[in-house]
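Contents: one structure, followed by commentary.
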Amino acid sequence: MGIVSRGFRGRRGREGPDLPPGQYLVEDFPVLSAGPTPRIDLGQWEFAITNESGDRRSWSWEEFRALPSERFTVDIHCVTKWSKLGTDWEGVPVDTLMEDVDTSAGFALAESYGGYTTNLPLEDLLDGKAWVAYRFGGEELEPEHGGPARLVVPHLYFWKSAKWVRGIQLRDSDEPGFWESLGYHNYGDPWREQRYWGD
Amino acid sequence: MAGTTVLGRLTWRAAQVVGLRDESPTARTLVLDVPSWPGHLPGQHVDVRLTAEDGYSAQRSYSIASAPGSRLELTVQRLADGEVSPYLTEELHEGDPLELRGPIGGWFVWRPEAQEPVLLIGGGSGVVPLMAMVRTRRANGGAVPMRLVYSTREPDTLLYRDELARLGERDDGLRVDLVYTRRAPQGWTDPVGRLGAARLAALTPRAGDQPASFVCGPTGFVESVANLLIDQGYRPERIKTERFGPTGN
């Protein structure tokens, strides 16, 4: 337990089993990005998975939207401490995108329009744990929240859920992404409060 | 402090409040003595943790307002429905301990050794990390051209009023422009209202200069300003942003 802050009571009734340590609940949907929101032309949009041998599988926007999708409801946790419960998304499971990809890679690096990257073990993208989402709350995903499509990996801090995602590189070795190179935790499990290096 | 991003483990430190300064009716600067503070770069922030007697705790992030080397200063904007900011701005006393860890964030930072011109655009309390950059330039006797465009609602919400006036009057390459969005002081001759395309273009260097640009404020402000800069011809990779969610921190 930390040093007691004399007279501090806090806002009670909001802590609970569904909030990871150090998080607080929000009802709105804050935005966090390192740069301007990229301008993406759907006619040029492409999503590609490249395996460790360099083989590439890609989808145009029409091809991607023709894939079977899922509507899913998940809790999301941002490293800046807000959590939002029961968020409603629609997107394509990464499992579906990986169906015809031949790989024995252990790691993935997600890449975004605008240059953002984030890394995670490949297994954290599989078995129903991750999606490339294009709808939020029944509406097309807004650009500031990562539209036209973003990765959603709800069991990790939300910076792993790359906005404006344009592809996934499968790799034999782990390579730190953007925030992971700038002091944020390499894995980012909110339940173990892995916010920063060394947590 | 040289080359500081974040190295090694960020442990919680027991800071002591050695000064409190009201910056506006709803914002207060905490002056902190932090034992073995590793130093920071302007633009970085810290996490502050409050703990109640029964062990309940709450954390929030706050931008550092001070230049590296001096005592650590955080300027906290009180949010009406906030959990942590009302305590920090109303109940914290001089001499109190305060737990924090940092510095955090290696992206939205200005490195004083950089030689390129700098453009800072802040909305509301988004000016706080930009103030750290202004102060760092000053502390280093910097000659790099730096422009601060600071948008605030009204005279009452203006932070760092006297210091900005003083710094802006020196003819050393720092230029400060204020934009009032609701109400300006008496005698103010510039237009009052949100920072639109024409006003922004008038207050910022030509796109050809491609200054290192830092935009900080509420999400809507940052989205709008960053988009307008790109329309003006700024390259997206020259613009670093830091957004406060609608709830802020």
Side-chain angles (χ1 to χ4, degrees), chain A residues 1-16 19-39 78-84 113-116 142-145 158-159 164 178-185 193-199, chain B residues 5-12 14 44 47 49-61 81-84 87 91-93 96-99 101-109 215 219-220 222-223 225-227 229-230 234 236-249:
Chain A
M1 177 170 146
I3 298 169
V4 170
S5 318
R6 185 183 36 77
F8 176 67
R9 281 212 18 89
R11 191 164 53 197
R12 301 310 175 104
R14 297 230 182 166
E15 72 271 38
L19 276 191
Q23 297 293 109
Y24 67 97
L25 198 58
V26 298
E27 299 300 332
D28 51 17
F29 193 172
V31 170
L32 193 81
S33 329
T37 298
R39 299 171 180 189
C78 180
V79 71
T80 63
K81 325 243 167 31
W82 58 264
S83 289
K84 191 170 169 61
Y113 290 97
Y116 181 76
E142 287 176 30
E144 70 206 55
H145 289 304
F158 213 44
W159 88 79
W164 315 300
F178 179 85
W179 287 121
E180 294 85 356
S181 303
L182 290 167
Y184 287 80
H185 197 275
E193 205 169 0
Q194 294 173 334
R195 298 181 194 276
Y196 313 118
W197 293 353
D199 277 355
Chain B
T5 45
V6 179
L7 297 170
R9 186 170 162 69
L10 284 177
T11 49
W12 289 101
Q44 289 188 299
D47 284 358
R49 178 167 72 184
L50 300 182
T51 303
E53 271 177 30
D54 62 357
Y56 171 84
S57 73
Q59 300 179 29
R60 295 293 188 277
S61 299
D81 59 347
E83 179 175 26
V84 173
Y87 182 89
E91 296 186 46
L92 197 64
H93 287 76
D96 282 350
L98 186 67
E99 269 192 307
R101 64 176 185 156
I104 296 157
W107 175 249
F108 193 84
V109 295
V215 185
T219 296
V222 172
E223 285 292 315
V225 167
N227 278 324
L229 289 175
I230 292 168
Y234 281 59
E237 63 272 21
R238 299 293 289 156
I239 306 170
K240 295 186 177 188
T241 63
E242 186 119 292
R243 296 161 167 87
F244 302 163
T247 48
N249 272 307

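All chains are named by letter (A, B, ...) in the order of the sequence lines, taking the proteins before the strands, and each is independently numbered beginning at 1.
Of the two parts of B:R238, neither the backbone nor the side chain holds a non-hydrogen atom closer than 4.5 Å to a non-hydrogen atom of chain A. Neither the backbone nor the side chain of B:F108 comes within contact range of chain A; no heavy atom of the residue lies under 4.5 Å from a heavy atom of that chain. Residue contact with chain B, scored on non-hydrogen atoms closer than 4.5 Å, involves the backbone of A:R9 exclusively. Proximity to chain A involves both the backbone and the side chain of B:P236, based on heavy atoms less than 4.5 angstrom apart. Heavy atoms closer than 4.5 Å to chain A are found in the side chain of B:E223, but not in its backbone.
Taking the ring centroids of A:F178 and B:W107, they lie under the 6.0 Å cut-off.
A:F158 and A:F29 have tilted rings, their planes meeting at an angle from 30° to 60° on a 0 to 90° scale.
Looking at every heavy atom in both residues, A:W159 comes nearest to A:H185 through CZ2-O, 3.1 Å.
Your options are A:G7, A:G10, A:C78, A:G22, and the one with the most heavy-atom pairs under 4.5 Å with chain B is A:G10. Interface remark: of the candidates A:P36, A:P38, A:G115, A:P36 forms the most heavy-atom pairs closer than 4.5 Å to chain B.
Once rounded to the nearest 0.5 Å, the distance linking NZ of A:K81 with CG of A:L25 reads 15.5 Å. Taken from CG in B:L98 to CG in B:L50, the straight-line distance is 6.5 Å, to the nearest 0.5 Å.
The side-chain heavy atoms of A:R39 and B:I230, taken from C-beta on, include a pair separated by under 4.5 Å.
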